[in-house]
Trainee: 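Take this structure, written in structure tokens, and hold onto it; I'll ask about it next.
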Amino acid sequence: MFKQKLQRAAAAIMALSLAFAMQLPALACSGLELTSAEGDPYWFRTCDMDDTYNVFGENGSYIQPSYLVSYPAGQPIEFTTGAVTPAHTIIGMSFSDSLAMLDGINDTGLVGGLLFLNEGTQTATEDIPEDFETLAAMEGITWFLAQCKDVDEVVALANRTCMQALYVDGIPGSDLSATLHFTFVDSNGKSVILETGDPTQPGRFVITESIGVMTNSPTYDVQLENLKNYIGSAPELRSQDITSLTLKGQTIEGTPTGTDRTFPASNAAYDRFTRLAVTRALCDEGSAIPNAEMLSKGSGIFAGINVPNDNGKGTYYYDALTETGEVEGAAPCYTQYTVCYDIARRTLAIRPYDTLLWTTLSIEDADPAARATYPILRGEAGGTVSALSVNAPATQPETTPETTPAPEAPASSGTNTALAVACGVLAVAVIILAVLLLRKKNA
């Protein structure tokens, strides 16, 4: 009995120490939807993280290099929660060498992306209804795009799904938290936000019609309230008698706060949300930009959100504010890539942080027989280049935990330091616990 108690207590301390040491990074990302002069929808996003989880596997990243990937319709995908036979072909951006995708598009023009949400929750296994699906958080984009043709089908599937923080092969720490939310937009321009940020319904999706803008914490309803406060209190809008903004058919009425609020300049998620929303309104939601110029001009509109890599140090993003206005959850991040999805043509263009070159891939390029990967190219010159221009896509064999190489830890990083501290804490805690239990036994 004494031995069993010691083992259980040591295991609990181990779990807490590892949770402290290996928290997933804050994905301080932004998303923007625009509609061209021809009426075609586009979706842009930045992916922002520090080098602990550098998506290209560089600078001591914990993960393997990410890549462009395709999954053909009809070929089963062995998700963490079970096999799914895709109804649709998918292309997009992987996260590490795994089944997780950071963003993607399928053959019906449904686009999805995941972003960080500090408030994200998960459903306890015993609380999942029998008739519900279970989703591993990091696999959400791949999972929804494989099964849904449009936003309506995303909503229907989300309403019978519970999300959990389950380990996804290739992503260390993916089983520690489900702090993510998703955005989807379809070929008709319909767009929704899926969040599990309601603590009274852990792991269950709250579904909100989108205004075409997405960042991180706080939850979407709080972001909208902050936007209303800005609209109602901005001198530059008041001077033009602007008291509301209409985005994707939704009218956002300003709420005066009694204090002037100038156009926000910080990299906090709530400030990026406001900047993107106002910018989207000022450019008439993209309607003056022709298709031929959308990549250059759309990414130019988005450029004010990008945060450059400052010799690997990044720039501080902030997840949220406390009730007293204090910053919490500060994390150094930088824009690791920007991507544009041309929904009408089922094509993506991606640009890493250190190049002006856009790599393109379309649904038509996807290998029809098996999962395939495609390179993300770099170059000193700008312009676009097909991912197929270097070599044909290499079909990837199914991997197992035994054959997948473990990622090397960074040579030096904040997370590495935290891991060392946690291990020291763990060792001391176990020793102290053992001594206390031995004294109790001998008393």
Side-chain angles (χ1 to χ4, degrees), residues 29-46 103 105 109-113 115 150-151 183-193 208-215 220 223-255 261-265 269-306 335 338-349 351 358 384:
C29 313
S30 302
L32 173 67
E33 182 190 340
L34 296 173
T35 301
S36 71
E38 293 87 348
D40 294 337
Y42 292 78
W43 187 69
F44 293 82
R45 74 86 55 88
T46 62
D103 43 76
I105 186 172
L110 178 66
V111 170
L115 287 80
D150 55 23
V151 162
T183 183
F184 291 93
V185 56
D186 62 25
S187 60
N188 296 316
K190 191 170 184 178
S191 184
V192 292
I193 306 297
T208 308
E209 187 176 352
S210 173
I211 61 170
V213 172
M214 182 76 161
T215 57
Y220 204 70
Q223 294 276 30
L224 287 177
E225 287 303 314
N226 186 57
L227 175 60
K228 291 176 182 178
N229 290 341
Y230 168 75
I231 295 171
S233 306
E236 59 266 35
L237 297 182
R238 186 169 61 243
S239 66
Q240 301 176 64
D241 295 323
I242 296 174
T243 60
S244 67
L245 296 176
T246 300
L247 299 166
K248 290 186 68 64
Q250 297 185 52
T251 299
I252 313 300
E253 296 284 351
T255 304
R261 294 186 61 176
T262 56
F263 197 58
Y270 44 84
D271 281 346
R272 284 181 283 120
F273 187 96
T274 296
R275 288 209 306 275
L276 282 172
V278 174
T279 301
R280 190 176 194 278
L282 292 175
C283 74
D284 297 321
E285 303 185 271
S287 62
I289 305 173
N291 287 331
E293 300 176 6
M294 183 58 79
L295 180 60
S296 60
K297 290 188 175 180
S299 61
I301 292 170
F302 216 37
I305 298 298
N306 288 5
T335 299
T338 302
V339 66
C340 169
Y341 283 89
D342 180 344
I343 296 174
R345 278 151 284 280
R346 318 297 196 253
T347 299
L348 67 83
R351 184 181 66 191
W358 294 89
T384 61

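Residues take their numbers from the sequence shown, with the count starting at 1. Side-chain atoms are counted along with the backbone in the values below, which use heavy atoms only and exclude waters and symmetry mates. Nothing here was measured: the structure is a model prediction, and the numbers come from that model.
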Trainee: Considering all heavy atoms of both residues, which atom of Trp358 and which atom of Val339 are nearest to each other, and what is their separation?
Mentor: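 Taking every non-hydrogen atom into account, CZ3-CA, 4.4 Å.
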
Trainee: Between Tyr230 and Val278, is there a side-chain heavy-atom distance shorter than 4.5 Å?
Mentor: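 Result yes, sub-4.5 Å side-chain heavy-atom pair found.
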
Trainee: Is there a donor-acceptor contact under 3.5 Å from the side chain of Asn188 to the main chain of Lys190?
Mentor: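 The answer is no, because no donor-acceptor pair under 3.5 Å joins these two groups.
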
Trainee: To the nearest 0.5 Å, what is the distance between NZ (Lys228) and OG (Ser233)?
Mentor: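 So the NZ of Lys228 and the OG of Ser233 are separated by 13.0 Å.
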
Trainee: On a heavy-atom basis, which atom in Ser191 and which in Thr183 lie closest, and how many Å separate them?
Mentor: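 Taking Ser191 first and Thr183 second, the nearest heavy atoms are OG-OG1, 4.0 Å.
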
Trainee: Identify the residue among Ile211, Asn229, Val213 that makes a side chain to side chain contact (heavy atoms under 4.5 Å, CB included) with Leu224.
Mentor: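 Among Ile211, Asn229, Val213, the one meeting side chain to side chain contact (heavy atoms under 4.5 Å, CB included) with Leu224 is Ile211.
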
Trainee: Are any non-hydrogen side-chain atoms of Leu348 and Asp103 less than 4.5 angstrom apart?
Mentor: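 No, side chains not in contact.
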
Trainee: Between Glu236 and Thr262 (side chain of the first, backbone of the second, donor and acceptor by atom type, cut-off under 3.5 Å), is there such a pair?
Mentor: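 No, the answer is negative, given that no donor and acceptor are paired below the 3.5 Å cut-off.
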
Trainee: One pair to check against side chain to side chain donor-acceptor pair (under 3.5 Å): Asp342 and Thr347. What are the steps and the verdict?
Mentor: CA-CA 5 Å; Asp342 180 344; Thr347 299; 5.6 Å; no

Trainee: Keeping Ser299 on the side-chain end and Ser296 on the backbone end, is there a donor-acceptor pair under 3.5 Å?
Mentor: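 Confirmed, Ser299 side chain pairs with Ser296 backbone.
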
Trainee: Are side-chain heavy atoms of Leu32 and Arg280 found at a separation under 4.5 Å?
Mentor: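 Sidechains of Arg280 and Leu32: in contact.
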
Trainee: How about Glu285 and Thr35: do any of their side-chain heavy atoms sit closer than 4.5 Å?
Mentor: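 The answer is no; the side chains never approach within 4.5 Å.
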
Trainee: Between CG of Asn291 and OH of Tyr42, what distance do you get to the nearest 0.5 Å?
Mentor: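 Those atoms lie 3.5 Å apart.
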
Trainee: Begin from the C-alpha positions of Val111 and Glu33 and carry the test side-chain contact (heavy atoms from CB on, under 4.5 Å) through to its verdict.
Mentor: CA-CA 11 Å; Val111 170; Glu33 182 190 340; over 6 Å; no

Trainee: Which value, rounded to the nearest 0.5 Å, describes the distance between Glu253 atom CD and Ile231 atom CD1?
Mentor: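 Glu253 CD to Ile231 CD1: 8.5 Å, rounded to 0.5 Å.
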
Trainee: I'd like to know if the side chain of Lys248 reaches the main chain of Gly189, judged simply by a donor and an acceptor atom lying under 3.5 Å from each other, with no hydrogens or angles considered.
Mentor: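 Judged by distance alone, yes, a pair lies under 3.5 Å.
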
Trainee: State, with a plain yes or no, whether a side-chain heavy atom of Tyr270 is found less than 4.5 Å away from one of Pro264.
Mentor: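 Side chain of Tyr270 against side chain of Pro264, heavy atoms only: no contact under 4.5 Å found.
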
Trainee: For residues Thr215 and Ser30, is any side-chain donor paired with an opposing acceptor at under 3.5 Å?
Mentor: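 Short answer, no.
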
Trainee: Would you say the side-chain atoms of Asp150 pair up with the backbone N or O of Asp186, donor to acceptor, closer than 3.5 Å?
Mentor: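 A pair under 3.5 Å: no.
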
Trainee: Is the closest side-chain heavy-atom distance between Phe273 and Asn226 below 4.5 Å?
Mentor: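 The answer is no, as the side chains (C-beta and beyond) never meet within the 4.5 Å cut-off.
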
Trainee: Search all heavy atoms of Leu115 against all heavy atoms of Cys29 and return the closest pair with its distance.
Mentor: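 Closest heavy-atom pair between Leu115 and Cys29: CD2-O, 3.4 Å.
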
Trainee: Taking Ile105's backbone N and O only, do any of them form a donor-acceptor pair with Arg346's side chain (distance below 3.5 Å, no angle check)?
Mentor: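 Pair absent, no side-chain N/O of Arg346 close to backbone of Ile105.
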
Trainee: With under 30° as parallel and over 60° as perpendicular, where do the rings of Tyr341 and Trp43 fit, or are they tilted in between?
Mentor: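 Plane angle between 30° and 60°, so tilted.
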
